[in-house]
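Remarks on the structure that follows.
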Protein chains: 2
Amino acid sequence: MAGNSRLTVAVHALCWLALAERHGHTGLSSDQIAASLESNPVAVRRALGPLRTAGLVTAGKGPGGGWSLRVEAARISLADVYAAVEPGAVFALHPHPPRPDCPVGHGIAPVLEDVYENVGQAVIGELARHTIAGVLDTLLEQHPLPMPWAGVPVPRP
Amino acid sequence: MAGNSRLTVAVHALCWLALAERHGHTGLSSDQIAASLESNPVAVRRALGPLRTAGLVTAGKGPGGGWSLRVEAARISLADVYAAVEPGAVFALHPHPPRPDCPVGHGIAPVLEDVYENVGQAVIGELARHTIAGVLDTLLEQHPLPMPWAGVPVPRP
DNA sequence: CCCGTCCGTAACAATTTTTGTTACCCATTA
DNA sequence: TAATGGGTAACAAAAATTGTTACGGACGGG
């Protein structure tokens, strides 16, 4: 396709929050998360905003604030993240409506909507098999770094 | 999401070819298909080109040429169309690589690639449950037009 | 109270992707 | 030879995605 990277960024941020939490760090700032993503704090807020709305994370203001998990990492599935982050269907319908006086153009949209709805359910079903904690454990195990924890990264100047 | 409309356009065109074939018409021109889509012939060629490569349709040149099904509509699944039309994964990875010196940034990409690969398989599995003939029958039945066949549409001037 | 931290949001630019359109070439058929 | 019709390149227009700056408001510590 490939669509967008919202799910990737959100999962990345959640894994990072989970790892920091394991090491006693809670309340990472958007800048600190952005440092890991090589991005900037506004992009992080855009990515995590829907997760806050969905109740998966909390955001505290002021010193000592920042982002924290509101649900333990083992109970957040990628399907939860997907549902929070991706509003619409997997595939788009026509860019603009087809001819309504054509038998196909007249009736195809609702049929495809049904199909795409089922595809969305299939995606959710597959994503539900993975959790943030599971992804984190897998990546730490399969692709370990010599120094597994070097502290919260410092944003580059 | 919603990604792009390539699958929708391709399925629409195939349904239209299948319906025309049922009425004895073979070899629709790109202009005629474009008329149903309210689009233009180049867009149709772009949409059907991959299907020709995949062996699902044929394209003849010159008068009496045009597009025809190469496989009967009941044997073309939406998964076939999807595989022909959508090259990459369902979700994108990071817009640009994350920090390699971060435990999460270092190892998350391969793990997510695996997950996304399985998601792609789930999508294919769901799409495989539908065929062009099935979609066509469903839309004709659920959303019939007073005049079910008014001939091949005439491209608007 | 004052100040620095930090999220929330709007606004804007830059980039990429998608879609629409024009133009020209080559093949085919009558 | 002329008309039809796909193949492709090139370009423009539109939309989505991403990056960035700016500013307001909430919070905590001196």
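Throughout, a chain's letter reflects where its sequence line sits, starting with A, and its residues are numbered from 1. As the structure is a computational prediction, the values presented were derived from the model and not from experiment.
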Grab the [atom1]-[atom2] distance between [X] and [N] for me, whole Å please.
{"X": "B/E86", "N": "C/dT17", "atom1": "CD", "atom2": "P", "answer": "13 Å"}
{"X": "B/N40", "N": "D/dG5", "atom1": "CG", "atom2": "P", "answer": "16 Å"}
{"X": "B/L7", "N": "C/dT18", "atom1": "CG", "atom2": "P", "answer": "14 Å"}
{"X": "A/L51", "N": "C/dC7", "atom1": "CG", "atom2": "P", "answer": "14 Å"}
{"X": "B/D31", "N": "D/dA3", "atom1": "CG", "atom2": "P", "answer": "17 Å"}
{"X": "A/E38", "N": "D/dT18", "atom1": "CD", "atom2": "P", "answer": "16 Å"}

Write down the protein N/O and nucleotide N/O pairs, taken from nucleotides 7-12 of chain D, whose separation is under 3.5 Å; answer none if there are no such pairs.
| from | atom 1 | to | atom 2 | distance (Å) |
| --- | --- | --- | --- | --- |
| D/dG7 | OP1 | B/R52 | NE | 2.9 |
| D/dG7 | OP1 | B/R52 | NH2 | 3.2 |

When you compare the side chain of [Y] with that of [X], does any pair of heavy atoms fall below 4.5 Å?
{"X": "B/V11", "Y": "A/V115", "result": "no"}
{"X": "B/P103", "Y": "A/L140", "result": "yes"}
{"X": "B/L19", "Y": "B/H23", "result": "yes"}

Mind checking if A/L48 touches a base, just sugar-phosphate, or nothing, with heavy atoms under 4.0 Å? nothing
By nearest-nucleotide position on DNA chain D, the 5'-leaning member of A/S39 and B/G27 is B/G27
Contacts of B/P95 and B/L28 projected onto DNA chain D by closest heavy atom; the upstream (5') one is B/L28
Side-chain N,O ([X]) to OP1/OP2 ([N]) below 4.0 Å:
{"X": "B/N4", "N": "C/dT18", "result": "yes"}
{"X": "B/H96", "N": "C/dT15", "result": "no"}
{"X": "B/S30", "N": "D/dG5", "result": "no"}
{"X": "B/S5", "N": "C/dT19", "result": "yes"}

Looking only at C/dC6, C/dT18, C/dG20, the nucleotide nearest the A/S29 side chain is C/dC6
To the nearest 0.5 Å, atom CZ of A/F91 lies from atom CG of B/L78 at 9.5 Å
What is the distance from atom CG of A/L69 to atom CD1 of A/I76, rounded to the nearest 0.5 Å? 5.0 Å
What are the two closest non-hydrogen atoms of A/W16 and A/S36, and how far apart are they? NE1-CB, 4.1 Å
Can you give each donor-acceptor pair under 3.5 Å made by side-chain atoms of residues 42-57 of chain A, sequence neighbours left out, with the distance rounded to 0.1 Å?
| from | atom 1 | to | atom 2 | distance (Å) |
| --- | --- | --- | --- | --- |
| A/R45 | NE | A/S30 | OG | 3.4 |
| A/T53 | OG1 | A/G49 | O | 3.2 |

